[in-house]
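Only one structure is covered here, and it is reproduced in the block below.
When reading the values below, keep in mind they use all heavy atoms of this one structure, side chains included, and skip hydrogens, waters and symmetry mates.
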Amino acid sequence: MLGKRICVGWNRLFLCMPVVMLIVHLLSVTELNQQNNLGGVHKEKPRKSDHLILGPAAGEGLPGRLQCQGTKALSKTRFGTSLNNSRSPDRVALVTVFTIYNSTVESRPADLVTVGNISYGKLERSMAILNVFVNFIQAVMPQSSVIILTDPASELPLNRDMVTIQPIQGDYSRDKLMLQRIRSYIAFLESRLEGLNENQEQVTHFIFTDSDIAVIDDLGQIFTDYPDFDLALTFRNNKDQPLNSGFIAVRGTVEGIKRGKAFLQEVLKVYSSRFMESSRMLGDQLALAWVIKSHPNFNTRRFSRREAFLDKIGGASVLFLPCSVYNWTPPEGAGQFHGMPLDVKVVHFKGSRKRLMLESWNFFSSSSNLSDMLCLVLKSGRTKYDF
């Protein structure tokens, strides 16, 4: 009888054991989650700086690189001469795609960011970048026009000389903006072909850029120094993304526009069929690389050299220009570019360097010295900023 009771007790214990283990597991998971949540309360995202932070200037001691002492340039830069030596009667227009979001929402005090003596809300920040983009162009290329392609629903508060706003229908939502940008470029080129005749004496060439760039030298020389290209792209030594879509030049002749348009249509086709998962960001650059690399006999090793070169891609003569000169960026200046070349023509304030773009214009406005301004950019470009 005693043995029978013992057996019954053990049976109950074995039957209850899974329930006990489950309760212990749930308690452990709950405690772990509580610890993680408590840890998350104290864990803050790294704050982006609300002021410029000067660091070491990359490229110090290297030949052909900007040398600085503080924000004073010690090197003799090579820009500023092409404007006076221009040999072409042709015009150049810089074209960018730009739209604004949530323009009816008033900024809260917490959203305000101050640069110099001016505080900017979210909308004002975007417009400040666009205005500085125009400022730099008008300072170094005063004869050039600026064309802004935008959503017809956007009411851009911009009224500047030599600036045209051209609405183009499309989907300008954040998730599709890079895709729409290519579509807008194509639609723009189509509109320019209308009424253009083969024998017109004066030609307007087009350079499509991001709006967060500073043009610091006359870019019209591209079309005279390299007279045989239809379309120009900028490259860097990057295996996965060797081409940057932030700078695309198209010769303004009938044949140049036709071939540039056909090339971009091929990029759009590849983008839509292969890279839609990257439609918000980088899809256009991946599609550009695909179109170029898939061309038979294209030598990708040329991307590792800092030399411009021409190649025939799908019926178009494509000029490849080094990013280190025509699309220089502050973070890469401290990386693969090894400082700032003395002949840099375009500075691209990608990512969290928008404050630096405004600060650079303010510095240039007060000093009128581009070389010193570039020292400010070079020494401040490693930091991420809040603007």
Side-chain angles (χ1 to χ4, degrees), residues 87-97 144-150 164-170 178-210 219-235 243-275 283-298 308-321 326-327:
R87 302 183 298 274
S88 173
D90 296 342
R91 299 172 182 160
V92 176
L94 284 96
V95 187
T96 192
V97 169
S144 296
S145 58
V146 178
I147 301 170
I148 301 168
L149 310 181
T150 190
T164 302
I165 297 174
Q166 182 170 332
I168 292 180
Q169 290 289 347
M178 293 298 100
L179 187 67
Q180 179 58 43
R181 183 167 72 168
I182 297 179
R183 288 176 174 152
S184 295
Y185 289 173
I186 293 168
F188 172 79
L189 292 175
E190 284 176 348
S191 71
R192 292 292 154 156
L193 275 176
E194 298 173 6
L196 198 64
N197 73 69
E198 300 271 0
N199 301 315
Q200 68 182 64
E201 293 182 3
Q202 192 171 56
V203 173
T204 299
H205 306 297
F206 304 106
I207 302 176
F208 299 91
T209 75
D210 288 349
L219 298 175
Q221 289 298 106
I222 298 171
F223 300 96
T224 52
D225 290 347
Y226 305 97
D228 300 323
F229 79 89
D230 301 307
L231 176 97
L233 304 171
T234 55
F235 72 90
L243 300 165
N244 185 278
S245 58
F247 184 105
I248 300 174
V250 175
R251 189 171 296 277
T253 61
V254 171
E255 284 304 311
I257 292 176
K258 284 182 178 177
R259 290 169 183 163
K261 174 190 158 190
F263 178 88
L264 290 175
Q265 285 174 324
E266 180 62 22
V267 172
L268 179 62
K269 178 181 174 183
V270 171
Y271 195 158
S272 301
S273 62
R274 293 182 176 274
F275 300 110
D284 53 347
Q285 297 185 165
L286 295 172
L288 270 174
W290 178 276
V291 170
I292 297 300
K293 289 181 176 181
S294 62
H295 189 267
N297 303 319
F298 185 82
F309 63 93
L310 274 167
D311 209 330
K312 204 80 171 177
I313 307 291
S317 178
V318 180
L319 172 65
F320 294 88
L321 297 166
Y326 292 92
N327 208 334

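- Scanning both residues, L189 and L264, for their nearest heavy atoms gives CD1-CD1, 4.0 Å.
- A search for side-chain hydrogen bond (donor to acceptor under 3.5 Å, both in side chains) contacts involving T234 returns N327, not counting sequence neighbours.
- Within the 4.5 Å cutoff, no side-chain heavy atoms of D230 are placed close to those of I257.
- The distance from the CD1 atom of I147 to the CD atom of Q166 is 6.5 Å, given to the nearest 0.5 Å.
- Atom OG of residue S144 and atom CG of residue L219 lie 8.0 Å apart, to the nearest 0.5 angstrom.
- Between L319 and L231, every side-chain heavy-atom pair lies at or beyond the 4.5 Å cut-off.
- To the nearest 0.5 Å, atoms CD1 (I148) and CG (L94) are separated by 11.0 Å.
- Proximity of F223 to V92: side-chain heavy atoms (C-beta onward) are separated by under 4.5 Å at one or more points.
- Here salt bridge (charged side-chain N to carboxylate O under 4.0 Å, His left out) pairs that include residues 288-297, with residues two or more places apart or in two chains, number zero.
- In this structure, V291 and F263 have side chains that are in contact, with non-hydrogen atoms separated by less than 4.5 Å.
- Residues D90 and H205 are in side-chain contact: their nearest non-hydrogen atoms beyond the backbone lie under 4.5 Å apart.
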Report task. Go through the steps to decide whether I292 and L243 satisfy the test side chain to side chain contact (heavy atoms under 4.5 Å, CB included), and finish with yes or no. Result -> CA-CA 9 Å; I292 297 300; L243 300 165; 3.5 Å; yes
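- For E266, the side-chain hydrogen bond (donor to acceptor under 3.5 Å, both in side chains) test picks out no residue, with sequence neighbours left out.
- In this structure, K269 places its NZ atom where only 12 or fewer heavy-atom neighbours from other residues, nucleotides or ligands lie under 6.0 Å away.
- Without hydrogens or angle criteria, S317 side chain to K312 main chain gives no donor-acceptor distance under 3.5 Å.
- For Q202, the side-chain hydrogen bond (donor to acceptor under 3.5 Å, both in side chains) criterion is met by R91, not counting sequence neighbours.
- Under the 3.5 Å distance criterion, the side-chain polar atoms of H295 are left unmatched by any main-chain donor or acceptor of I313.
- In this structure, L193 and K258 have side chains that are in contact, with non-hydrogen atoms separated by less than 4.5 Å.
- Within a 6.0 Å sphere centred on CD of Q169, other residues, nucleotides and ligands contribute 12 heavy atoms or fewer.
- The shortest side-chain heavy-atom distance between Y185 and V250 does not fall under the 4.5 Å cut-off.
- Interatomic distance, L268 CG to Q180 CD, rounded to the nearest 0.5 Å: 9.5 Å.
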Report task. Evaluate side chain to side chain contact (heavy atoms under 4.5 Å, CB included) for D311 paired with F298, printing each intermediate quantity in order. Result -> CA-CA 8 Å; D311 209 330; F298 185 82; 3.2 Å; yes
Query raised in the report: What's the verdict on side chain to side chain contact (heavy atoms under 4.5 Å, CB included) for L310 and Y226, showing C-alpha distance, side-chain angles and the deciding distance?
Result: CA-CA 9 Å; L310 274 167; Y226 305 97; 5.8 Å; no
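- Every residue meeting the ring pair (Phe, Tyr, Trp, His ring centres under 6.0 Å) condition with F188, not counting sequence neighbours, appears here in chain and number order: F206, F208.
- Listed by chain and number, the residues in a salt bridge (charged side-chain N to carboxylate O under 4.0 Å, His left out) with R181 are D210, D284 (sequence neighbours excluded).
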Requested in this report: Dump the intermediate steps for side chain to side chain contact (heavy atoms under 4.5 Å, CB included) on L233 and L288, then the final yes or no.
Outcome: CA-CA 9 Å; L233 304 171; L288 270 174; 4.2 Å; yes
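- Not less than 6.0 angstrom separates the ring centroid of F235 from the ring centroid of Y326.
- Counting heavy atoms from C-beta outward, S272 and L179 have side chains that approach closer than 4.5 Å.
- Residue L321 comes nearest to A308 through the heavy atom pair CD2-CB, 4.0 Å, listed as atom of the first residue, atom of the second, then distance.
- The shortest non-hydrogen separation linking S184 to L149 is O-CD1, 3.7 Å.
- Here the shortest heavy-atom pairing between W290 and R274 reads CZ2-CZ, 3.0 Å.
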